Each structure stands twice: as C-alpha cells, then as structure tokens.
Amino acid sequence: MTGPLVTADELLARPEEVAPGLLGCWLVSDRPEGTTAVRLTEVEAYSGTGDDPAAHSHRGPTPRAAVMFGPPGRLYVYFSYGMHWCANVVTGPEGVGSAVLLRAGEVVVGEELARERRPSSSVRDLARGPARLTAALGIGPDDRGADLLDPASPVRLHHGDPPSGVTAGPRVGITHAADLPWRFAETGHPTVSAFRAGVRRRRPGAGQDGAP
DNA sequence: GATATGATCACCT
DNA sequence: GGTGATCATATCG
C-alpha cells in the first residue's frame, strides 16, 4: 500500500527545493479508531535561513517555533485563528528552522473515518486546506514534535505516486514575502485550491477583467 | 497585565 | 467575495 518512509537525507535541502518532492507522498495517521492517510497535493515552503519574514521561525526559537529548529522530519503543529491546527514537516539541518506546510491532500486511506471527523464535508473537501487536512487525519496538539520518519510513530511520511505535474505560485494568506513562489501543487488536482491568478485589487478606473 | 493579530474555515449575500 | 468565529502567541506598556 504505502511506499518506503521518507528519510532525513531527502529533507536536508532548502525548503523550497524539498517541498515539491513531498507532493505525492503519503501522510499516514494510525489511531486507536483506525488508520487514515492522505496523498499530499499542495504544500508551501517556509525558510528559517533569515530571508523569509513569513516563517514562524523568523524571530528565533520561541517556544511555539522550537520544533522547527529540531531535526528534519519532525511534525511542527501550530494553532491558528483560535480554532485550527496546521501541520508542517521540518526540513533542513537541525538548528535552521525551515519547514514545509502541508496545505492539502486527497484522502487515500480511511475515507469513512475522515468523514466522521469532518461530517459536513464533501469527499473533495475532506483534506483540502491545511486545517482540514489535520482535522481529517485527527492530527492535533498531541502530535507536536512527532517523528514522521520513525516506523514506530503513529504519524508518518511515506513515498507515494509522484505528481503528474507541479505548479508553483505565491503562498496563501501571508502578508510578508508574498511574492516568493514557494507554494507547490499537483497541477490540476481537484483537491488543490484555485491559484488566485487575479487577487488583483480594484484599481480606480480599471474596468472589469475578462473571464476566468 | 493588556492588546493586536494571524501560514483559516464556514457560511452569508 | 465578504465577514464573523475564537484564542495562542508575540509584543508592548
């Protein structure tokens, strides 16, 4: 079913180089109530090398971001907007503070269980979006710092079918360094939220733009 | 000690 | 396509 575990060596490059390689990998979640897994279809890179003001690690190893400075392959989980949990894979050598945010995936194992966790969600939306992905897999604060490369860990990262194509674009929802094309997605996959080709603001005097 | 803000989602029009 | 929900974290006084 699943491919071999991802190894630390594969995560040592810069996050924007590692990120596209995570597309198609499986994030597996073994729980008492059953196993769920998603095949990753959308990720974003956050660099701890000091050139990325949008990274949580940008202001140093604060208590929240401490896991980002740990060894590669750890799970960095953070709480967002007062209600959501989002998950990242730590990349790069220990001490750097880089990570890749897992933005979306398709549920490939345990669809029934994922639907129980997200009752009013269509199949396509089960793990579409970073907070939905963690909800579908049952990932939460207890998984902070989990070793995704350890075969004994309940949450693991395995190789899977590589994407048919990769599309890069700007990251979503951030206010700093929004121009860096560090968001990567499997081209045309239905679980990938639409690239906002035209988040262009209305300019005075600008007319309607064309069809999508 | 207080407050502004956010790597979002769901539901409204 | 706009906005309310809701709180940990960071930063300021």
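Throughout, protein chains are lettered first and strands after them, A, B, ... in sequence-line order, and every chain is numbered starting at 1. Just so we're clear, the structure is a prediction, and the values are computed from it rather than from any experiment.
Ionic pairing of Asp30(A) and Arg156(A) is present here: one or more N-O contacts between side-chain nitrogen and carboxylate oxygen are shorter than 4.0 angstrom. Under the 4.0 Å criterion applied to side-chain N and carboxylate O atoms, Arg74(A) and Asp143(A) are not assigned as salt-bridge partners.
The cationic group of Arg171(A) lies under 6.0 Å from the six-membered ring centre of Tyr46(A) and within 45° of the ring axis, placing it in a cation-pi geometry.
Within residues 71-85 of chain A, the residues having any heavy atom closer than 4.0 Å to DNA chain C are, in order of number, Phe79(A), Tyr81(A), Gly82(A), Met83(A).
Across all strands shown, Arg64(A) has heavy atoms under 4.0 Å from sugar-phosphate atoms exclusively, and none from any base. Contacts of Ala131(A) with the nucleic acid, taken as non-hydrogen atoms under 4.0 Å apart, involve only primed sugar atoms and P, OP1 or OP2.
Under a 3.5 Å cut-off, the side chain of Arg103(A) and the backbone N or O of Glu44(A) do not form any donor-acceptor pair. Looking at His158(A), its side chain does come within 3.5 Å of a backbone N or O of Gly3(A) through a donor-acceptor pair. Put simply, the side chain of Arg132(A) gets close to the backbone of Arg128(A): a donor and an acceptor are under 3.5 Å apart.
Of all nucleotides in DNA chain B having an atom under 4.0 Å from a heavy atom of chain A, the first and last in 5' to 3' order are dG6(B) to dA10(B).
Within the shown strands, dT3(B) is the pairing partner of dA10(C) under the Watson-Crick or G-U definition, both distances less than 3.5 Å. Searching all strands for a Watson-Crick or G-U wobble partner of dG2(C) with both distances below 3.5 Å returns dC11(B).
Residue Arg59(A) places at least one side-chain N or O under 4.0 Å from the OP1 or OP2 atom of dT11(C).
With rounding to the nearest 0.5 Å, the separation of OG1 in Thr36(A) from CZ in Arg31(A) is 7.0 Å.
The side chain to side chain contact (heavy atoms under 4.5 Å, CB included) test with Leu157(A) singles out one residue from Val6(A), Leu75(A), Val28(A), Leu5(A), and that residue is Val6(A).
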